[in-house]
Amino acid sequence: MALSQEKLLELYRKMVTIRVFEENTAELFAKGEIPGFVHLYVGEEATAVGVIAHLKDHDYIASTHRGHGHLIARGGDVKQMYAELFGRKTGYCKGKGGSMHIADLSLGFLGANGIVGAGLPLIAGAAFACKYRGDDGVAVCFFGDGASNRGTFHEALNMASIWKLPAIFVCENNMYAISLSQELHQNIDDVADRAAAYGLPGISVDGNDLFAVYEAAEEAVKRARNGDGPTLIESKTYRWRGHFEGDPVVYRTEEELQAWKKKDPIERAKKRMMETGVLTEEEDKAIWEEVRSEIQEGIEFAKNSPLPEEESLLEDVYCE
Amino acid sequence: MPEMTYLEAINTALREEMSRDPSVFVLGEDVGVFGGCFGVTQGLLDAFGPERVLDTPISETAIIGASVGAAAAGLRPVAEIMFMDFMGVCMDEIFNQAAKIRYMFGGKAAIPMTLRTPCGAGLGAAAQHSQSMEAWFAHIPGLKVVMPSTPADAKGLLTSAIRDDNPVIFIEHKMLYGVKGSVPDGEYAIPLGKGDVKREGSDVTVVATSLMVHKALAAAETLAEEGVEVEVVDPRCLVPLDQDTILKSVAKTGKLVVVHEAVKSGGIGGEIAAIVAEEGFDFLDAPIRRIGAPFAPIPFASNLEKAYIPSEETIIEAVRSLA
């Protein structure tokens, strides 16, 4: 791994952007300014950023209902993201999708998805398209430990394996499938173990360590680009918020949450970057300030954007 | 025009579209070496190679999910689901993914995929290999639903389905695969959403789909001998539905029988009847009659299966009751 200072700072800034975006989203949702459901990525930032760091413009991503982090890591525009969360015309989906369906095809971002585990076969198809075209494109699917119990997981990993598709399956094991802890929803410790059943490599990493995720993804992406087939990466992490905003979180303890907060992926990256002289305290402060102002701009943009016209209700059901 | 079977017509459309457009590929269970469970994809593997004719594992969810992903990424998949009855296995990929992606993403994506699948009873294949579930799909905004009844329609409509930028459910009837008919030579595309009057008549309109078009035509022959002229309308596509052709026919005859092989209750016949009642009530001189299968799973025993499937005689009786 030869991460330049510039690249490291870029990744760090993305993690900070995700954090600030999500904290503001929580606040706006609590105030009743964002309708529907939102599922926040706070605490899991290193996974999205560490994996997506390796992607090229023509690569694909399938995200989840907890998808804001993936899009920010991919370089998504926070203005259009907030506008979509607010249900505005200027949003990524013209207000038709909301948090759970944000997509940006120009970034190869095949959307967040309201159905748990739905992205897995979609990404097998996108990976097939890369292989079919013969470019060196790869396709990455993010999903949770809960989704690893769905049939889509089994079918997609098997298909990707037999066809040697350039796919990277990234399980964000945040230890809970909604309210059910991992020990109650599957009888294994490592989701990565399941890779063996499909004849592909499975690796389990500390998902709160940006550098560990980065290295695992580097290997998986290299393998995919070389035509050697898919990899399953399990990134062990933790969501600081509930499953959704408004979740009373009765299924886990405050002690557990506090213990994980001590393993904050942003703090850990910062510490390492400061130790290696990549980042100073002043620079860090400046990054947070810049990000906060960028996020405020995004929120203002969304609030000042018009609602979609009612005439648009029936637009885009079909391609003409 | 050359004569060919419904099966050959579908096969020809697949070959022509694959030759014309390199982004078209075929995937499904046993579609390669085996040539498809009913033989529809025979010869495609030899003609186009394993890169474009993909034998999949028995994984309907992944077949359709991967088709959606490949379509979103710019390819034009033609997936086969071996029996329509298996579509429950991949329903999320159809109705929550393929159908909704364009709308949910604000028009920024297209899913140009075709899902081919055989429906229909008549082979003694019982309750899980004989159903006609078209109404499920006609109920979902974002999908197009096509049900050809003749070889020419099968070729022309499949060509359009593959070229369409929307997800299209293309429902073949397994008892029609061997039926022969004239098919226009060379490139032949029928626009989706255009019905066809299969027989002109002035006394009673029979709107029929898929295999039932043939039963309606046979019934019309018998009724003609009695002096009753039946007009047989084949919508060909359920979505978009050619309401004009149906209403125009009812305006002429004043009487309507709707017939499909699917279970009558909740079937597409109810929708067609309701459209005519709403839009063409003044045309009607008699109550609308609906014919469909009874509200039961499809039985195995030959006599029971025969009793289950709507028959030519049932159509004749329904028309007589109106004429």
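Letters go in sequence order (proteins before strands), and every chain restarts at 1.
Considering only heavy-atom pairs separated by less than 4.5 Å from chain B, the leading option among Ile115(A), Ile102(A), Asp104(A) is Ile115(A). Between chain A and the residues Val68(B), Leu143(B), Ile101(B), the largest count of heavy-atom pairs under 4.5 Å involves Leu143(B). Note: Asn113(A) leads Thr152(A), Asn113(A), Leu120(A) in heavy-atom pairs under 4.5 Å with chain B.
Of the possible donor and acceptor atoms, none in the side chain of Tyr103(B) sits under 3.5 Å from a partner among the backbone N and O of Gly97(A). Judged by distance alone, the side chain of Asn166(B) and the main-chain N or O of Tyr318(A) form no donor-acceptor pair under 3.5 Å.
Between Ala72(B) and Leu105(A), the closest heavy-atom pair is O-CD1, 4.0 Å. Taking all atoms of both residues into account, the shortest heavy-atom contact from Cys319(A) to Ala110(B) is SG-CB, 3.7 Å. Across all non-hydrogen atoms, the minimal contact from Ala62(B) to Ala156(A) is CB-N, 4.4 Å. Heavy atoms only, all atoms of each residue included: Glu93(B) and Pro121(A) are closest at OE2-CG, 4.1 Å. Among all heavy-atom pairs drawn from Ala118(A) and Gln97(B), the shortest one is CB-NE2, 3.2 Å. Of all heavy-atom pairs spanning Leu75(B) and Ala129(A), the tightest one is CD1-CA, 3.5 Å.
Distance check, rounded to the nearest 0.5 Å: OG1 of Thr61(B) to CZ of Arg150(A) gives 7.5 Å. The CZ atom of Phe128(A) sits 4.5 Å away from atom CZ of Phe25(B), with the distance rounded to the nearest 0.5 Å.
Using a 4.5 Å cut-off between heavy atoms, Lys144(B) touches chain A through backbone and side chain atoms alike. Looking at Asp165(B), the atoms closer than 4.5 Å to chain A (heavy atoms on both sides) sit in the backbone and in the side chain alike. When heavy atoms are compared at a cutoff of 4.5 Å, Ile64(B) does not approach chain A at all. Proximity to chain A (any heavy atom under 4.5 Å) is restricted, for Pro22(B), to the backbone atoms N, CA, C and O. Of the two parts of Thr56(B), the backbone and the side chain both hold a non-hydrogen atom closer than 4.5 Å to a non-hydrogen atom of chain A. Within the 4.5 angstrom heavy-atom criterion, no atom of Leu157(A) approaches chain B.
The number of heavy-atom neighbours closer than 6.0 Å to NZ of Lys222(A), taken from other residues, nucleotides and ligands shown, is 12 or below. With a 6.0 Å radius and a threshold of 12 heavy atoms from other residues, nucleotides or ligands, Gln128(B) has its CD atom at or below the threshold. The 12-atom threshold is not exceeded at NE2 of His139(B), counting heavy atoms of other residues, nucleotides or ligands nearer than 6.0 Å. Within a 6.0 Å sphere centred on CG of Leu307(A), heavy atoms belonging to other residues, nucleotides or ligands number more than 12. In Phe37(A), the CZ atom is not crowded: 12 or fewer heavy atoms of neighbouring residues, nucleotides or ligands sit closer than 6.0 Å.
Within residues 53-78 of chain A, the residues approaching chain B closer than 4.5 Å by heavy atoms are, in numerical order, Tyr60(A). Residue-level contacts of residues 158-168 of chain A with chain B, in order of numbering, are Asn158(A), Met159(A), Ile162(A), Trp163(A); threshold 4.5 Å between heavy atoms.
Under the salt bridge (Lys or Arg N to Asp or Glu O under 4.0 Å) criterion, the residue pairs touching residues 80-98 of chain A are Lys89(A)-Glu309(A), Lys94(A)-Asp316(A), with sequence neighbours excluded. Judged as a salt bridge (Lys or Arg N to Asp or Glu O under 4.0 Å), not a single pair has a partner in residues 41-63 of chain B (not counting sequence neighbours).
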